[in-house]
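This report concerns only the one structure given below.
Residue numbers begin at 1 in each chain, while the letters A, B, ... track the order of the sequences.
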Amino acid sequence: MRIATWNVNSVKARIGHLAMWLKKVQPDVVLLQELKCVADEFPRLEIEAAGYRAEIVGQKAYNGVAILAREKIEDPLRALPGDKADEQARYVEATVGGVRVASIYLPNGNPVDSDKYKYKLAWMERLHAHVQTLLASERPIVLGGDYNIAPTDDDVYDPEGWKDDALCRPPSRAAFRKIVHLGLTDAFRVLHPQPHQYSYWDYVQNRFARDCGLRIDHLLLSPQAADRLAAAGIDREPRALDKASDHTPVWCEIRNRGA
DNA sequence: ATGGTAGCCTTGCTA
């Protein structure tokens, strides 16, 4: 089973790229972030024409996450537990083909002296608590998304310039490590230990052409999924297209049970 | 020190 995560930075602006990529790559599951639209405006017809079902958690103008899958999407959980007052569309989880998958759009958190940074850290505390619950099930689980965390300086083109950013500063990285250390495996990193491979490049200053990026999109696997990890990669092709998202897809391949 | 770009949707916010 091939599972990909992609922050599309508006699904309506990116439906052309997305539909083309689905038809070419044909992943089994796609975890989308930054839909930037309500569910009623999601381009369902194009997605269905490409062969996918969709579980959508939308929001006007900001955020928005979805799970696309060729198979049936079962038992959805449409918000991260732990704060009923939180109305931001940043989390959706469901079961596809016996694998529990989640699409995560973790708060950016900049500027770091604002309530937005406090919200980021609180959101990560909620994610930590929920991951503990998920792992107790001892099922194969793939938690993918835009984590807005560059885990180490190896994941940043200019660590010195980014050291005080919400994506890099020590409390952000510590909160991320605390989640990973519950027993998750970074699917890309474990198979590609070489530094400076990125999933996101800012639109400004020709950053993609100069490969000035960060690795902030991750697929985190439970032990039962990591045992079946066959391959992982970053597909840079969509980022090179005209009118691209600032993120590009990250994918992993999970072996079928018994294979 | 600042502004660079994109999307949404407004005269700014978020990233």
Side-chain angles (χ1 to χ4, degrees), chain A residues 5-21 31-44 46-47 56-66 80 85-91 103-124 127 144-151 155-169 171-173 175-176 198-218 234 236-250:
Chain A
T5 180
W6 190 6
N7 177 326
V8 290
N9 187 22
S10 169
V11 72
K12 287 190 286 181
R14 223 65 63 200
I15 184 59
H17 290 185
L18 177 58
M20 191 170 59
W21 183 81
L31 310 167
L32 299 177
Q33 301 87 39
E34 278 210 87
L35 304 179
K36 290 188 168 180
C37 67
V38 295
D40 284 350
E41 295 177 350
F42 186 89
R44 277 192 174 274
E46 290 92 334
I47 295 300
I56 301 153
V57 176
Q59 182 181 329
K60 184 182 176 183
Y62 301 113
N63 308 316
V65 287
L80 180 65
D86 184 358
E87 294 186 339
Q88 298 192 31
R90 295 181 176 274
Y91 191 90
S103 179
I104 292 171
Y105 181 43
L106 206 144
N108 175 294
N110 282 303
V112 295
D113 60 355
S114 71
D115 285 344
K116 289 198 253 180
Y117 192 64
K118 294 190 184 89
Y119 174 64
K120 176 176 194 154
L121 293 181
W123 206 95
M124 294 180 84
L127 182 59
D146 177 359
Y147 280 77
N148 270 314
I149 297 284
D155 302 304
V156 185
Y157 72 99
D158 175 15
E160 183 58 29
W162 282 77
K163 68 178 170 56
D164 297 322
D165 191 277
L167 279 57
C168 298
R169 69 193 300 258
S172 306
R173 287 177 170 170
F176 182 77
Y198 309 127
S199 64
Y200 159 82
W201 300 260
D202 199 335
Y203 289 117
V204 302
Q205 299 166 341
N206 216 19
R207 293 247 176 98
F208 179 62
R210 298 188 293 122
D211 199 24
C212 294
L214 294 89
R215 193 175 68 93
I216 58 177
D217 301 273
H218 309 296
I234 298 174
R236 295 166 61 107
E237 276 189 27
R239 184 63 182 82
L241 297 172
D242 194 38
K243 296 276 179 191
S245 169
D246 42 0
H247 297 249
T248 214
V250 179

task: Would you mind reading off the distance between A:D202 atom CG and B:dT14 atom C1', rounded to a whole angstrom?
output: 12 Å

C1' atoms of B:dT10 and B:dT14, separation to the nearest Å: 13 Å

Cation-aromatic face contact A:R239/A:Y198, 6.0 Å, 45 degrees: no

message: What is the distance, to the nearest angstrom, from the CZ atom on A:R239 to the P atom on B:dT5?
response: 13 Å

task: Looking only at side-chain atoms of A:Y62, point me to the closest of B:dC8, B:dA15, B:dC13.
output: B:dC13

- request: Figure out the CZ/C1' separation between A:R207 and B:dG3, and round it to whole Å.
  value: 11 Å

query: For A:Q59 and B:dC9, what is the distance between atoms CD and P respectively, to the nearest whole Å?
result: 11 Å

- request: Would you kindly compare A:N7 and A:K60 by the position of their nearest DNA chain B nucleotide and give the one closer to the 5′ end?
  value: A:K60

query: Expressed in whole Å, how much space separates the C1' atoms belonging to B:dG7 and B:dT11?
result: 15 Å

- request: Check A:L214, A:I216, A:T5, A:D155 against A:S199 for a side chain to side chain contact (heavy atoms under 4.5 Å, CB included) and give me the one that passes.
  value: A:I216

field: Distance in angstrom units between A:D217 CG and B:dA15 C1', rounded
entry: 13 Å

Nucleotide B:dT14, atom P - distance to CG of A:N148 in whole Å: 14 Å

query: Touch check for A:R90, heavy atoms < 4.0 angstrom, all strands: base, sugar-phosphate only, or nothing?
result: sugar-phosphate

query: What distance, rounded to whole Å, do you find between the two C1' atoms, one in B:dC9 and one in B:dG3?
result: 22 Å

query: Between A:R207 and A:D158, does at least one N-O distance fall below 4.0 Å, as a salt bridge requires?
result: no

task: Any chance you could measure A:K60, atom NZ, to A:C37, atom SG, to the nearest 0.5 Å?
output: 12.5 Å

- prompt: Among residues 105-117 of chain A, which contact DNA chain B at a heavy-atom distance under 4.0 Å?
  reply: A:Y105, A:N108, A:K116

query: Who are the ring pair (Phe, Tyr, Trp, His ring centres under 6.0 Å) partners of A:H218, not counting sequence neighbours?
result: A:Y147, A:F176

- prompt: Can you check the A:D146 CG to B:dA15 C1' distance for me, whole Å?
  reply: 10 Å

- request: Sort out for me which residue in A:D217, A:T248, A:V65 forms a side chain to side chain contact (heavy atoms under 4.5 Å, CB included) with A:N7.
  value: A:D217

- line: Closest to the 5' end of DNA chain B, once A:N9 and A:E34 are matched to their nearest nucleotides, is A:N9

All ring pair (Phe, Tyr, Trp, His ring centres under 6.0 Å) counterparts of A:F208, not counting sequence neighbours: A:W201

query: Are OP1 or OP2 of B:dG7 and a side-chain N or O of A:R14 less than 4.0 angstrom apart?
result: yes

task: Considering only atom C1', compute the distance from B:dA1 to B:dC13 and round it to an integer number of Å.
output: 22 Å

task: Grab the CD-C1' distance between A:Q205 and B:dT5 for me, whole Å please.
output: 10 Å

